[in-house]
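For clarity, every value in this text was computed on a predicted model and none was experimentally measured. Every chain is numbered from 1, with letters handed out A, B, ... down the list of sequences.
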Number of protein chains: 2
Amino acid sequence: MSEDGIRLSPTSYVVLGLIHLRGPSTPYELESAVRKSVEYFWTFPHSQLYREPDRLTASGHLTVDQEPGGRRRKVFALTPRGRSALDTWLTRPVEDVFEMRDEAVLQLFFSDQLTATALVDLARHEIALYQRRLDEYERIAARELPRHGQDRRMAPLRLGIKLAEAFREFWEEIAADPPPPTPVPDPVDGPPGRLC
Amino acid sequence: MSEDGIRLSPTSYVVLGLIHLRGPSTPYELESAVRKSVEYFWTFPHSQLYREPDRLTASGHLTVDQEPGGRRRKVFALTPRGRSALDTWLTRPVEDVFEMRDEAVLQLFFSDQLTATALVDLARHEIALYQRRLDEYERIAARELPRHGQDRRMAPLRLGIKLAEAFREFWEEIAADPPPPTPVPDPVDGPPGRLC
DNA sequence: CGAGACATGTAAGGGGTTACATGATTTA
DNA sequence: TAAATCATGTAACCCCTTACATGTCTCG
């Protein structure tokens, strides 16, 4: 897709974007920037922040400058090509919408042989998780509000809160009124059910 | 984690779960079952539905029976071990909550140099995507309602609708009232902003 | 100056996506 | 019976995760 070689994944753009915001950075600095920024909606382990800049350097999107002694840190900087890749991406409409890909939801889908109480247990567990998640979000929001107010950097956080609330409400409904399992299909009459 | 060898991913449980629901199945049948069931919240390409059963067979969770002639289809069936893995998974609390991992949200986060109108374009695009998604969900819901009513197999769909609505509303707010870019930090006073 | 924390990487393996490739059935 | 479609798989690559491994600073 890109003229030469590598494919740029969202991870690539996180790296390019953060270096653009911060200026030349070491992987370690990127890691801490991630922790302070996108981590709440896009996590990754630190090893990626060492590997991905190398890839982007090989493809000409970054340059690297390594300290000769001491910690031999690698400082990565944007090249014009990297900058332009970032700009292009920013205005390219994304075709994929979200996917739930939520393991607990998968369990629910396949939960036919679970008793109602077991299901309620799962739901309560999820409620607790989302409540905790919401608490984290609120803490971040409170911390960032004075600096970021309602600017663009805050918007994803508002979305995160919206979504976590939706999940929590969903599981609360399940816990309050656990839906019955799907009746076992009678092989005699009618075609097999659609949602199986 | 499992006693011998392989790690079971959510994909593995989709395969185990569907075979449990349908009985012995070929990958092709699994594919069509996926299309009719979990696909709307957990997609995968058909190649996985050929590879994953092989893995699960190697680990003793499935057995395979291949037709000698014709299409030489492989029919996979649950073993007791596969069945028990499924049961265990069903009651194991999931520790991971959802992650947005939404590329458009990432764009928004890094959209500082975008004009308000360009941002509105992105938002409108997203609104259209989610509207389409919602239409699909409503179509599925209408189709399945008579058979599945309010049972467990329908619950994920309700969640999907809730979430897609949350996304759509979010982008509608962005489009109606595009937030300002984050002010460029003044390097003179104060530490660098948290959300960068 | 020793211990712990901070900082910086590498290696291996796996799961998933993309792409390729071909056999079998149906239909015109 | 040829074309189109349905059906069935394989191969390669790549990103990501997990795990390992080590060096450097800082503070008591």
A:Arg101 atom CZ, over 12 foreign heavy atoms within 6.0 Å
yes
Rounded to the nearest angstrom, tell me the gap between atom CD in B:Glu39 and atom P in C:dG16.
15 Å
Any ion pair linking B:Arg139 and B:Glu136 (charged N to carboxylate O, less than 4.0 Å)?
no
Are A:Glu31 and A:Arg35 close enough for a salt bridge, meaning some N to O gap below 4.0 Å?
yes
So, B:Asp87 and B:Arg83, do they make that salt bridge, N to O below 4.0 Å?
yes
Hey, does the side chain of B:Gln48 come within less than 4.0 Å of C:dG15's phosphate (OP1/OP2), counting only N and O?
no
How far does the helix from C:dC1-D:dG28 to C:dA28-D:dT1 bend, going by the axes of its first and last five pairs, to the nearest 10°?
10°
Quick one: CE on A:Met100 to CZ on A:Phe109, what's the gap to the nearest 0.5 Å?
10.5 Å
Could you check how far CZ of A:Arg101 sits from P of D:dC16, rounded to whole Å?
14 Å
Can you give one letter per nucleotide of nucleotides 5-14 of chain D, 5' to 3': B if a protein heavy atom sits under 4.0 Å from the base, S if only from the sugar-phosphate, - if neither?
-SSBBBBB--
Is there side-chain contact between B:Asp54 and B:Lys74, with at least one heavy-atom pair below 4.5 Å?
yes
Do you see a donor-acceptor pair shorter than 3.5 Å between the side chains of A:Gln107 and B:Arg92?
no
Roughly, in whole Å, what's the span from CD in A:Glu52 to C1' in C:dT8?
17 Å
Without placing hydrogens or testing angles, list every side-chain donor-acceptor pair under 3.5 Å for residues 160-169 of chain B, not counting sequence neighbours.
unit_1, atom_1, unit_2, atom_2, d
B:Lys162, NZ, A:Glu169, OE1, 3.4
B:Lys162, NZ, A:Glu173, OE2, 3.2
B:Arg168, NH1, B:Gln131, OE1, 2.6
B:Glu169, OE1, A:Lys162, NZ, 3.3

Send over the distance from B:Tyr13 OH to C:dG15 C1', rounded to a whole Å.
15 Å
Nearest whole Å is fine: how far is C:dT18 P from B:Leu49 CG?
14 Å
Can you tell me how far P of D:dT17 sits from CH2 of A:Trp42, to the nearest Å?
11 Å
